[in-house]
Amino acid sequence: MEPLLLLGLLGLGAWAALDNVALGQFMVSRPLVTGTLAGTLLGDPWNGFVLGALLEVTHLWRVPAGGARLPESGPAAIPGAVLAVIAPPGAGLAAGFVLALVLAALGGAGVVGHRRLIGGLLGPEAGVSRPARLRGVLLLGLTLDALRGALITGTGLAVALQAPTGLLARWPLDPASTLVLLLLGAALPAGTLARTLLPERASRRLLLAAGILLGAGAALMTGGFPGGGP
Amino acid sequence: MTLRLLVRLFLVQGLWNYRTLLGHGASWVLLPELRRTAPGRGEGLEEALERAAEPFNAHPYLAGFAIGALVRLEEQATPPDEIRRFRDVVRAPLGALGDRLVWAAWLPMTLLAAIFAIALGVGPLRAVIGFLLVYNLLPLVLRWWALSAGLAHGRAIAGALSAARLPSHAERIGRAGVLLLGAIGGFLGVRSIQLWAASGQLEPASAAIAILGGLLLFGSGLRPRREAVDWVPLTMILLVIGLFLAGPLLAPDLLPAQPARP
């Protein structure tokens with residue numbers, strides 16, 4: 001991998017970690033965004049988009065209310081998308097998805113550790129009522145958050161780039177069946193997401209039925225994934 | 001003053017921690033205003049900062065309500081106990097309303113719209129850029145409105161909050177999200193049939209499993225018990241690893257090594 005590309009991917013991971021909580025929350029940290037951007041940098045936005053969408057549907061039902069401890073999928077989607085792009089079709093998507101799920105769990109644990117560290121630095125005896133000290137802890141926290149994102153992304157990239165081709169060649173499903181398998185895994189969280197979006201049962205059923213008709217119509221009219229698809 | 005506070009609000013969660021939650025972030029946002037108001041109250045800046053850093057929480061996009069109101073309360077030299085009571089009263093509604101409107105409705109709806117945009121012929125990069133542009137409209141408006149209302153109304157922000165009818169907006173957005181979720185399911189269902197019938201890329205059994213299994217699992221997710229969904233990531237990890245290990249047994253005609261794409 002070219003150094004400039006590697007630097008771009010690490011920078012994206014750092015930005016995603018910062019955007020997740022501490023800085024801005026513009027949703028650059030969403031796996032759909034980071035996955036697609038990583039795929040685009042490698043010349044294949046489709047696989048990055050599909051991987052990001054699968055991660056979104058798997059985790060989107062969780063509401064980050066009141067400091068809930070959640071997986072961090074944004075930086076994790078970057079190496080996942082890289083593996084999905086560089087490895088053989090089907091095997092790459094499956095392996096990339098699993099890599100991203102593992103990294104997202106590690107990233108979530110990292111967020112908890114980071115929050116505990118900040119809490120420790122801001123302890124009652126830390127003298128943070130002094131403005132300079134408060135600003136110092138803020139800058140340190142932001143720096144560590146960015147490094148945390150780059151570390152998760154870098155670790156994942158090391159795994160993705162060293163993934164043994166012998167193991168990847170053992171994948172038994174063709175690309176279409178692989179996508180079906182991963183979509184089936186996302187179906188259960190998608191149902192829970194529908195409950196999160198609209199707790200009222202009767203309206204939800206009607207809207208789901210109307211949506212299914214709408215989507216079926218769109219598939220019949222477009223006849224496939226525009227632009228070739230994944 | 002408003003613009004300076006607004007810019008600082010983008011970092012309000014920069015010091016988020018389990019002890020004071022948003023408290024220290026709020027104190028950092030308020031710092032320039034406390035420099036201005038603290039001497040007038042006859043106390044030091046450090047004392048004012050300590051008070052501002054006490055435990056507090058709110059949705060980051062609605063925290064401006066509390067920040068604006070706290071600026072007004074500090075300017076009016078309101079007694080510290082009254083300020084504490086105000087912070088305690090507003091933290092739950094500012095958290096719950098924002099969570100329902102943004103995290104449980106607007107974010108999923110805009111993400112699902114980006115995913116469904118693919119079905120309408122939009123490319124992946126354009127769909128993602130469109131998501132970022134559309135999604136960020138609401139947070140920008142919310143941040144500006146919340147801060148302006150807090151500065152204008154001081155401790156009487158409840159009227160502005162209830163007049164905005166955020167829960168009913170959240171419900172409408174949630175309905176649109178459910179419609180989009182159904183549309184994505186319908187699109188994928190028909191595409192599975194098309195891949196089987198038209199191009200032969202999908203085996204009939206795989207197409208049937210995709211549609212029936214998808215409906216069954218989606219229906220399970222709709223049920224109130226959420227324990228099963230917590231296990232989905234681990235189940236998928238184990239399933240995929242198992243398939244990699246058992247690959248040659250399941251498909252003996254596997255090629256020795258498929259070439260990696262350049």
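Throughout, a chain's letter reflects where its sequence line sits, starting with A, and its residues are numbered from 1. Because the structure is predicted, anything quoted here is derived from the model rather than measured. Because only heavy atoms are used, hydrogens play no part in the values below, and waters and symmetry mates are left out as well, while side chains stay in.
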Heavy-atom proximity to chain B below 4.5 Å, by part of [X]:
X      : result
A/L142 : side chain
A/L37  : side chain
A/H114 : neither
A/R69  : side chain
A/L182 : both
A/A186 : neither

Apply side-chain contact (heavy atoms from CB on, under 4.5 Å) to residues B/F244 and A/V98 and explain how you reach the verdict. CA-CA 11 Å; B/F244 269 115; A/V98 162; over 6 Å; no
Can you tell which part of [X] gets under 4.5 Å to a heavy atom of chain A, answering side chain, backbone, both or neither?
X      : result
B/L31  : side chain
B/L107 : side chain
B/L9   : neither
B/V232 : side chain

Could you grab the distance from atom [atom1] of [X] to atom [atom2] of [Y], nearest 0.5 Å is fine?
X      : Y      : atom1 : atom2 : result
A/L117 : B/N17  : CG    : CG    : 10.0 Å
A/L197 : B/E171 : CG    : CD    : 11.5 Å
A/L138 : B/L15  : CG    : CG    : 4.5 Å
A/L60  : B/M109 : CG    : CE    : 12.0 Å
A/L198 : B/R172 : CG    : CZ    : 13.0 Å
A/L207 : B/L181 : CG    : CG    : 11.0 Å

Given the options [options], which has more heavy-atom pairs under 4.5 Å with chain B than any of the others?
options                        : value
A/D145, A/L193, A/T58          : A/L193
A/A94, A/G215, A/A216          : A/G215
A/L32, A/L184, A/L214          : A/L184
A/A104, A/P175, A/A187, A/P189 : A/A187
A/G119, A/G52, A/A190          : A/A190
A/G48, A/G141, A/A95           : A/A95

4.5 Å side-chain heavy-atom contact, [X] and [Y]:
X      : Y      : value
B/Q194 : A/L220 : yes
A/V57  : B/I184 : no
A/R204 : B/L222 : yes
A/I118 : B/Y18  : no
A/T196 : B/W103 : no
A/R116 : B/R19  : no
A/I212 : B/F187 : no
B/L234 : A/L101 : no

Could you check which of B/L179, B/L239, B/V102 has the highest count of heavy-atom pairs closer than 4.5 Å to chain A? B/L179
Between B/A96, B/A104, B/A105, B/G25, which residue shows the highest count of heavy-atom pairs closer than 4.5 Å to chain A? B/A104
Check side-chain hydrogen bond (donor to acceptor under 3.5 Å, both in side chains) between A/E56 and all other residues, then give those that pass, not counting sequence neighbours. A/R30
Can you name the nearest heavy-atom pair linking [X] to [Y], along with the distance?
X      : Y      : value
A/G185 : B/M236 : CA-SD, 3.5 Å
B/R143 : A/G24  : NH1-O, 3.1 Å
A/L134 : B/S27  : CD2-OG, 3.5 Å
A/P131 : B/L45  : CG-CD2, 3.6 Å

Quick one: do B/R191 and A/L179 satisfy side-chain contact (heavy atoms from CB on, under 4.5 Å)? Show the steps, please. CA-CA 12 Å; B/R191 280 299 292 142; A/L179 191 56; over 6 Å; no
Here's one to test your reading of the geometry: is the NZ or CZ of A/R195 within 45 degrees of the ring axis of B/F218 and under 6.0 Å from its centre? no
Flag this pair as yes if the NZ/CZ of A/R115 is under 6.0 angstrom from the six-membered ring centre of B/W16 and inside a 45 degree cone about the axis; otherwise no. yes
Return all side-chain donor-acceptor pairs below 3.5 angstrom for residues 114-139 of chain B, not counting sequence neighbours, or 'none' if the list is empty.
| from | atom 1 | to | atom 2 | distance (Å) |
| --- | --- | --- | --- | --- |
| B/Y135 | OH | B/Y61 | OH | 2.8 |
| B/N136 | ND2 | A/F26 | O | 3.0 |
| B/N136 | ND2 | B/L132 | O | 2.8 |

Could B/E46 and A/R133 be called an ion pair, given the rule that one side-chain N must be under 4.0 Å from one carboxylate O? no
